[in-house]
Every structure is written in C-alpha cells, then in structure tokens.
J.: 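Just passing along the structure, written as structure tokens.
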Amino acid sequence: MRQWLEDVEARHGIDKLTLRSRQLVLASFAILLVLVIYRGFLVQGDEFNWRPVVAFVLPLVLFLPSIIGQRARGHAWLAFVSLLYFTQGIMLATLPGQSVRGLLEAAVAMALFAGCMSYARFRSRQLRQHQTR
C-alpha cells in the first residue's frame with residue numbers, strides 16, 4: 001500500500017493530490033453538514049427545539065478552524081469523527097423509509113473520511129517537501 005501511494009504521488013505530484021483531496025474534503029463536509037442539519041430539523045416534534053440540531057452539527061463545526069487553516073492534524077481527527085456519522089447513517093438506513101437518506105449520509109461520511117485521511121497524508125508530505133527546499 002505504501003509503495004502504491006508513493007507511486008501515485010510520483011505520478012501525479014503531491015501538490016495536485018493535496019488540492020484534489022482538499023476539494024473532496026470541502027465538498028463532502030458541506031454535503032454532510034447539510035444532511036445533518038436536515039436530519040436535526042426532521043427529529044423536531046410539534047415545538048421547535050435547537051438542541052437536536054446543535055447536537056448533530058456541533059462535532060462538525062468544531063473542525064471548521066482546522067479545515068480553514070488547512071491543518072493536517074485537524075483533518076486526521078475529523079476523519080475519525082466522520083466515522084460517527086457513517087455509523088449513524090448505517091443505523092438510519094435500517095429504519096423503515098429512511099434507507100436512502102441513511103445510505104447517502106454513510107456514503108458522504110466515507111467520502112469525508114477518505115478525503116481527510118488523504119489530505120492529512122499529502123499535506124504533511126507537501127509541507128515536509130517545501131521545508132527541505
């Protein structure tokens with residue numbers, strides 16, 4: 001696996017891979033945020049309450065400084081948090097009438113995981129490469 005990643009880095013260039021993985025992170029983060037906000041509003045009863053929305057959104061929003069600041073370590077931690085949303089999506093997919101929404105949330109969470117892990121790897125290697133120049 002390591003050799004394959006190094007071949008991919010040599011073939012495509014570390015800067016291009018970093019940019020592509022960042023684009024995947026931004027897109028999947030935005031989609032997951034919209035899905036989670038939508039789910040927070042769906043669990044509302046007759047009376048509107050912000051607590052479910054905040055409970056679903058807060059773990060993602062806490063990583064905004066890391067995403068904006070392009071910090072590799074923050075992206076690595078966000079990858080692990082995205083697994084919680086993957087689990088929630090799978091659990092939601094088992095409910096009657098919620099399978100499409102649950103599978104969509106799980107797929108977007110997996111895309112976020114892959115993008116964050118890729119970005120963490122490529123960004124740290126990119127920074128190391130620029131320091132040696």
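Below, each value reflects all heavy atoms present in this structure, side chains not excepted, and no hydrogens, waters or symmetry copies.
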J.: Tell me every residue that passes side-chain contact (heavy atoms from CB on, under 4.5 Å) with Ile68, counting only those two or more places apart in sequence or in another chain.
T.: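 Residues passing side-chain contact (heavy atoms from CB on, under 4.5 Å) with Ile68: none at all.
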J.: Can you run down the side chain to side chain donor-acceptor pair (under 3.5 Å) pairs that involve residues 19-34, sequence neighbours left out, and say none if there aren't any?
T.: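 Of all non-adjacent pairs touching residues 19-34, none passes side chain to side chain donor-acceptor pair (under 3.5 Å).
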J.: Taking only residues at least two apart or on different chains, which pairs with a member in residues 86-98 satisfy salt bridge (Lys or Arg N to Asp or Glu O under 4.0 Å)?
T.: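 Salt bridge (Lys or Arg N to Asp or Glu O under 4.0 Å) check on residues 86-98 returns no pairs.
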J.: May I have all residue pairs that pass salt bridge (Lys or Arg N to Asp or Glu O under 4.0 Å) and include part of residues 76-99, sequence neighbours excluded?
T.: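 Applying salt bridge (Lys or Arg N to Asp or Glu O under 4.0 Å) to every pair that reaches into residues 76-99, excluding sequence neighbours, yields nothing.
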J.: Tell me whether Ile67 shares a hydrophobic cluster with Leu35, the cluster being built from Ile, Leu, Val, Met, Phe, Trp, Tyr side chains joined at under 4.5 Å.
T.: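 Ile67 and Leu35: one cluster.
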J.: Would you tabulate the side-chain donor-acceptor contacts of residues 53-62 under 3.5 Å, counting partners in other chains and residues two or more places apart, or write 'none'?
T.:
none

J.: Is there a path of hydrophobic side-chain contacts, each under 4.5 Å between heavy atoms of I/L/V/M/F/W/Y residues, joining Val34 to Leu64?
T.: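 In one cluster with Leu64: Val34, no.
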J.: Do you reckon Val100 sits in the same ILVMFWY cluster as Leu32, going by side-chain contacts under 4.5 Å, direct or chained?
T.: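 No; tracing contacts between hydrophobic side chains, which count when under 4.5 Å, never links both residues.
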J.: Roughly how far apart are Thr18 OG1 and Leu127 CG, rounded to 0.5 Å?
T.: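 That separation rounds to 8.5 Å.
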J.: Identify each donor-acceptor pair in which a side-chain atom of residues 71-82 lies under 3.5 Å from a protein atom, sequence neighbours left out, and give them as a table.
T.:
{"unit_1": "Arg71", "atom_1": "NH2", "unit_2": "Pro65", "atom_2": "O", "d": "3.4"}
{"unit_1": "His75", "atom_1": "ND1", "unit_2": "Arg71", "atom_2": "O", "d": "2.7"}
{"unit_1": "Ser82", "atom_1": "OG", "unit_2": "Ala79", "atom_2": "O", "d": "2.5"}

J.: Once you round to the nearest 0.5 Å, how far does CD of Gln88 lie from CG of Leu83?
T.: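 Gln88 atom CD to Leu83 atom CG measures 12.0 Å (nearest 0.5 Å).
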J.: Residues sharing Leu92's hydrophobic cluster, by side-chain heavy-atom contacts under 4.5 Å among ILVMFWY, directly or via others?
T.: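 When side chains under 4.5 Å apart are linked, the cluster holding Leu92 also contains Leu95.
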J.: Can you list every pair that meets ring pair (Phe, Tyr, Trp, His ring centres under 6.0 Å) and has a residue in residues 85-115, with sequence neighbours left out?
T.: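 Listed by first then second residue: nothing to list.
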J.: May I have all residue pairs that pass salt bridge (Lys or Arg N to Asp or Glu O under 4.0 Å) and include part of residues 92-102, sequence neighbours excluded?
T.: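 Sorted pair list comes back empty.
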J.: Under the ring pair (Phe, Tyr, Trp, His ring centres under 6.0 Å) rule, what pairs show up with a residue in residues 1-31, not counting sequence neighbours?
T.: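 Residue pairs with at least one partner in residues 1-31: there are none.
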J.: Is a side-chain donor or acceptor of Ser118 paired with a backbone partner of Gly115 at a separation under 3.5 angstrom?
T.: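 Flag not set: sc Ser118 to bb Gly115 has no pair under 3.5 Å.
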J.: Under a single-linkage definition using a 4.5 Å side-chain heavy-atom cutoff for Ile, Leu, Val, Met, Phe, Trp and Tyr, are Tyr119 and Leu19 assigned to the same hydrophobic cluster?
T.: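 Tyr119 does not cluster with Leu19.
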J.: Treating Ile, Leu, Val, Met, Phe, Trp and Tyr as nodes and any side-chain heavy-atom pair under 4.5 angstrom as an edge, say whether Met91 and Leu112 lie in one connected cluster.
T.: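 The answer is no; the residues belong to distinct hydrophobic clusters.
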J.: Could you tell me the separation between the CZ atom of Phe122 and the CD1 atom of Ile14, rounded to the nearest 0.5 Å?
T.: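 Rounded to the nearest 0.5 Å, the CZ-CD1 separation comes out at 6.0 Å.
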J.: For residues 102-111, tabulate all N or O donor-acceptor pairs below 3.5 Å that involve a side-chain atom, not counting sequence neighbours.
T.:
{"unit_1": "Glu105", "atom_1": "OE1", "unit_2": "Arg39", "atom_2": "NE", "d": "3.2"}
{"unit_1": "Glu105", "atom_1": "OE1", "unit_2": "Arg39", "atom_2": "NH2", "d": "3.4"}
{"unit_1": "Glu105", "atom_1": "OE2", "unit_2": "Arg39", "atom_2": "NH2", "d": "2.7"}

J.: Go through the structure and list residues passing salt bridge (Lys or Arg N to Asp or Glu O under 4.0 Å) with Arg123, not counting sequence neighbours.
T.: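 Partners of Arg123 under the salt bridge (Lys or Arg N to Asp or Glu O under 4.0 Å) test: none.
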